[in-house]
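Worksheet for the structure shown next.
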Amino acid sequence: MITPMQHITLICREEDSETLLQELRGFGAMHLKLIDRDNQQLEHLSEELGSIRQIILKLEQVEEPEGDPEVDSAEALIPYCQRLEQTARELEILDQLLIKEEKAWVPFGRIEHSTLTALRERGLTVGFYRAANSPLGLPEGTAWLTADPGFGVAVSMQPQDKVDTPAIHMPVRSPARIAQLRSHLQRIREGVACAMSAAATRLPELKQLESERADELDYLKAHTGMGNEESLRWIEGFVPSQQLPNLETAAQTWGAALISREPLEEDPTPTLLQQNAFVSWIQPVFNFLGVTPGYNEVDVGWSFLVFLSIFSGMIIGDAGYGLLLLLTVGLLNAFKPATRGKFANLLYLMGGATLLWGLLTGNLFGIEGMPAVFPALSADEDPKNIMNICFLMGASHLTLAHLWNLWRKRTSLQALAEIGWIGSTWTMYAVTGQMVLGWDSLPAFIAPLFMVSVALIVLFMTPPAKLKEAWVDHMMLPLSFVNNFVDVVSYVRLYAVGMATFALASSFNTMILDGTADRGLIANGVMMIILVLGHALNFILAGMGVMVHGIRLNTLEFASHLGLTWSGIPYSPFRARTSPSTPAVRSQGSEEASTLNPSGQKSEVRGRRKQVSTLT
C-alpha cells in the first residue's frame with residue numbers, strides 16, 4: 001500500500017532557522033518541499049559531490065587495490081585521482097596517434113629513417129604510393145619496389161611532382177621509434193594504474209567523504225529553500241501520517257509552530273510504498289526501471305510480482321532453464337551470502353514458474369518428444385491452444401486493472417464505466433478468438449454485451465461537471481476500443497517469444513547432436529562445448545525477453561488500463577547519512593588538496609608520474 005502522508009509547515013524565528021534544520025535532520029522523517037532558488041555555493045558543492053562520486057565509481061573498478069597513495073587526506077585524493085585520470089586520457093590519445101602512425105608503415109615493412117635519410121642525401125627521391133603498379137608520371141629511370149598488395153615505393157633521381165597518384169604522407173617517426181615510444185607509454189600507463197590501485201585502498205574514506213558532502217548539500221538545499229517573511233522563516237514538506245504525533249511533540253521542544261493538512265492533488269507528495277516481505281521482492285525491478293506510482297495512484301507491487309513471474313515462466317518456457325536458474329541462484333546464495341536478498345528471491349520465483357511451465361508443456365532443453373503434463377500445450381500440438389491461454393491471460397490481466405478502478409470509484413457513478421470496460425475487454429477477447437484463433441462465430445451474447453458496455457462507458461466515464469473539459473475523451477472512444485483490442489492481442493507475445501526460445505534450443509540440439517556417431521571423440525567434445533554455449537546464449541536471450549516483454553505488459557498495457565502513470569516522487573526524507581558525532585569536513589582549498597606525500601608511494605611510480613607530467 002501507499003503510506004498516507006501529511007503536508008507539514010514548520011515556522012520559526014529567523015535566528016532559530018539553523019537550529020530547526022539540524023533538529024529536523026535528526027528527526028529524519030520529513031520529505032522536504034523546497035523553494036527553488038539559485039545559489040552559487042549550492043552549485044559548487046553539487047559539482048564537488050559529482051566529482052567525488054565519479055572518482056568512487058572509477059576506483060571501485062580496481063580489482064585488487066594495493067599500495068599507499070601519495071596523498072594524506074580524502075579531500076586531497078580527489079584532485080590527485082582527477083590528475084591521474086587526465087593523464088590516462090592523454091596517454092590514450094598519444095597511444096592512438098602512435099598506433100595510427102604504426103599502421104601507416106605496415107604495408108612497407110620496417111624501414112629505418114636513417115636509410116631514407118641516406119638515400120635523400122645522395123639526391124634520391126623516395127615516394128610511397130597506394131598503387132598496385134607503377135603510377136603514371138614517374139620520372140624516367142624510377143625504380144618501383146612492390147610492397148604489400150596495392151602498395152609500392154618509388155625511388156628516382158628526379159622529383160616526383162607529376163605523378164597522377166598522390167604520394168602517401170608517411171609519419172616522421174620510424175617504425176622502430178614508434179615501437180620504442182609505445183613501450184615507453186605502456187610503462188607510464190602501468191605507473192598510473194599502480195597509482196590508481198593505491199588510491200583505491202582509500203575507498204572507505206572517500207565514501208565517508210561522499211556522505212559528508214551529501215549531508216552538507218542537503219542541508220544547504222534545505223536552508224536555501226526555506227521561505228522567509230520579515231523575521232520569520234518556514235519550511236514545508238511531507239511526513240507519513242503515523243509520524244505526525246511524534247513531529248508535533250518534537251516541534252514543541254524545538255520552539256517551532258507546526259501546521260498540518262491533507263496533501264492537495266497539485267502537491268508534489270512523495271510516495272512511500274509499505275509492502276509485506278513477499279511483495280517487496282518486486283522492489284529491485286522498480287528500482288532498476290526507476291518507476292514509482294504516484295501518491296494518488298495505487299501500489300501494484302503484488303500484481304506486478306505475480307504476473308511477472310507467470311510471464312517469465314511462459315517466455316523462458318523451458319524446465320531445464322528454470323532448474324538451472326534455481327541451482328545457479330542457490331549456489332550463489334550458499335557461497336556468497338552477499339547475493340541473498342529480494343532480487344535472489346525474485347529469481348527463485350521466476351525460476352520456479354519457468355520450471356512449472358516447462359513441465360506443463362513438455363519442454364526440457366528443447367528436446368523434442370518430451371512428455372507434457374498437459375499434452376495439449378506441447379509444441380507438437382496445435383499452437384492455438386497456448387495462444388488462447390495468452391489471450392485469456394491478457395483479458396484477465398486487464399480485467400484486474402478495471403476491477404481495481406471499480407473498487408476505487410465504488411462511491412461514484414464512474415464505477416459503472418469500469419464495468420463497461422470489463423465488458424469491452426472480453427468482447428475484444430472474443431473478437432480475437434474469431435480473427436486469430438479461427439472460431440467459427442462469436443458467442444451470441446457478445447453483441448449485446450458490447451452494446452451495453454459502450455452505453456455504460458459513454459454515459460458514465462466522465463462526471464457531468466467535467467464534461468465540458470473532457471468531451472475530447474468521448475470523441476476518442478473509437479480509438480480507445482481499437483486500443484483495447486490491440487492490448488488483448490499484445491499478450492500473444494508470450495507465446496511468440498516462448499516458441500522462439502524453444503525453436504532456438506531445438507535447432508542447436510539438431511545441429512550439434514545429429515551425426516554424433518560419425519564424429520570422433522575430440523570432435524564430439526568440441527561440439528558439446530558449442531551446444532552448451534548455444535543454450536547459454538538462448539537462456540540470455542530469453543532473459544532479455546522477460547525484461548522487454550514481461551515488464552512491458554505490466555508497465556504499459558496493464559498500467560494504461562489502470563490509469564497508472566508512474567509519475568511518483570520517491571519518498572526521500574531529510575536525514576543525515578553520517579553519524580551525528582562526525583563533523584562535516586570542508587575542503588581546505590586546492591593548494592592543500594594538491595599537496596603530495598613523497599613517502600607514500602614507491603620511487604618507481606614517482607619517477608613515472610614525472611615522466612607523465614613531462615609528456616603531458
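Contact annotation: the side chain of V285 approaches that of F304 to within less than 4.5 Å [non-hydrogen atoms, C-beta and beyond]. Under the 4.5 Å side-chain criterion, counting only non-hydrogen atoms from C-beta, L289 is in contact with T555. Using a 4.5 Å heavy-atom threshold, the side chains of L185 and L94 count as touching. Residues V526 and I530 form a side-chain contact, since some pair of their non-hydrogen atoms from C-beta on lies under 4.5 Å apart. Side-chain contact between T201 and V62 is absent, with no heavy-atom pair separated by less than 4.5 Å. Put simply, the side chain of V497 does not reach to within 4.5 Å of the side chain of M314, judged on heavy atoms.
Summarising the local packing, CE of M435 is surrounded by 12 or fewer heavy atoms from other residues, nucleotides or ligands at distances under 6.0 Å. Within a 6.0 Å sphere centred on CG of L57, heavy atoms belonging to other residues, nucleotides or ligands number more than 12. Residue E63 places its CD atom among 12 or fewer non-hydrogen atoms of other residues, nucleotides or ligands, all under 6.0 Å distant. The environment of D164 atom CG is dense: over 12 non-hydrogen atoms of other residues, nucleotides or ligands sit within 6.0 angstrom. No more than 12 heavy atoms of other residues, nucleotides or ligands shown are found within 6.0 angstrom of CE on M547. The environment of CG in L479 is crowded: more than 12 heavy-atom neighbours from other residues, nucleotides or ligands sit within 6.0 Å. Counted within 6.0 Å of CZ on R122, heavy atoms from surrounding residues, nucleotides or ligands total 12 or fewer; the atom is thus considered open. Counting non-hydrogen atoms of other residues, nucleotides and ligands closer than 6.0 Å to CG of D514 gives a total above 12.
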Under the side chain to side chain contact (heavy atoms under 4.5 Å, CB included) criterion, do E85 and I55 qualify, and how do the steps go?
-> CA-CA 9 Å; E85 278 198 294; I55 296 301; 3.4 Å; yes

Report the C-alpha distance between F311 and L494 in whole Å, list the side-chain angles of each, state the deciding distance to 0.1 Å, and finish with yes or no for side chain to side chain contact (heavy atoms under 4.5 Å, CB included).
-> CA-CA 7 Å; F311 297 159; L494 299 172; 3.7 Å; yes

Derivation and outcome, ring pair (Phe, Tyr, Trp, His ring centres under 6.0 Å), residues F108 and F151 | CA-CA 8 Å; F108 305 102; F151 293 89; 5.7 Å; yes

Dump the intermediate steps for side chain to side chain contact (heavy atoms under 4.5 Å, CB included) on L531 and L513, then the final yes or no.
-> CA-CA 9 Å; L531 179 62; L513 298 179; 4.1 Å; yes

Intermediate values then yes/no, side chain to side chain contact (heavy atoms under 4.5 Å, CB included), F391 and V492 = CA-CA 7 Å; F391 296 138; V492 78; 3.7 Å; yes

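Pairs passing the salt bridge (charged side-chain N to carboxylate O under 4.0 Å, His left out) check and including a residue from residues 532-554, sequence neighbours excluded, read R552-E557. Residues in residues 199-210 take part in these salt bridge (charged side-chain N to carboxylate O under 4.0 Å, His left out) pairs, two or more places apart or across chains: R53-E210, E60-K207, R202-E205. Under the side chain to side chain donor-acceptor pair (under 3.5 Å) criterion, the residue pairs touching residues 521-550 are Y321-H535, Y321-N538, R493-H549, N509-H535, R519-N524, with sequence neighbours excluded.
In terms of modelled atom types and a separation under 3.5 Å, the side chain of S490 and the main chain of V486 share no donor-acceptor contact. In this structure, T115 contributes its side chain and I111 its backbone to no donor-acceptor pair below 3.5 Å. Distance alone, capped at 3.5 Å, is enough to place a donor-acceptor pair between the D318 side chain and the G366 backbone. Looking at T339, its side chain does come within 3.5 Å of a backbone N or O of L332 through a donor-acceptor pair. Side chain of S197 to main chain of A193: no donor-acceptor pair is present (N/O by atom type, distance under 3.5 Å, no hydrogens or angles). At distances below 3.5 Å, at least one donor-acceptor pair connects side-chain atoms of W105 with backbone N or O atoms of R173.
Minimum interatomic distance between A195 and L84 (heavy atoms only, all atoms of both residues): CB-CD1, 3.7 Å. Listed here is the closest heavy atom pair of I178 and L98: CG2-O, 3.6 Å. Taking every heavy atom of both residues into account, A559 and W566 meet most closely at CB-NE1, 3.5 Å. Scanning both residues, L91 and R189, for their nearest heavy atoms gives CD1-CG, 3.5 Å. A pairwise comparison of heavy atoms in G317 and T354 identifies N-CG2, 3.9 Å as the closest pair. In plain terms, the two heavy atoms of G568 and P570 that are nearest each other are O-CD, 3.7 Å.
Here the straight-line distance linking atom SG of C81 with atom CD of Q54 works out to 12.0 Å at 0.5 Å rounding. The distance from the CZ atom of F286 to the OG1 atom of T292 is 8.5 Å, given to the nearest 0.5 Å. Here I56 contributes atom CD1 and L77 contributes atom CG; the two are 10.0 Å apart, rounded to the nearest 0.5 Å. Remark: Y348 OH to S309 OG distance equals 14.5 Å, nearest 0.5 Å. Atom CZ of R37 is separated from atom CG of L42 by 12.0 Å, given to the nearest 0.5 angstrom. Remark: H184 NE2 to D95 CG distance equals 12.5 Å, nearest 0.5 Å.
Side chains of S506 and E368: a donor on one and an acceptor on the other come within 3.5 Å. Q82 and Q86 are not linked by any side-chain donor-acceptor pair at a separation below 3.5 angstrom, with hydrogens and angles left out of the test. If you check the side chains of Q180 and R177, you find a donor sitting under 3.5 Å from an acceptor. A donor-acceptor contact closer than 3.5 angstrom links the side chains of R187 and S183.
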Anything under 3.5 Å between a donor and an acceptor, one on a side chain of residues 340-347, the other on a protein residue two or more places apart or in another chain? List them.
unit_1 : atom_1 : unit_2 : atom_2 : d
R340   : NE     : N333   : O      : 2.7
R340   : NH2    : N333   : O      : 3.0
N345   : ND2    : G341   : O      : 3.3

Side-chain donor-acceptor contacts of residues 124-149 below 3.5 Å, not counting sequence neighbours, with atom names and distances?
unit_1 : atom_1 : unit_2 : atom_2 : d
Y129   : OH     : Q160   : OE1    : 2.6
T142   : OG1    : P139   : O      : 2.5

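Legend: residues meeting side chain to side chain contact (heavy atoms under 4.5 Å, CB included) with T117, ordered by chain and number and at least two apart, are E121.
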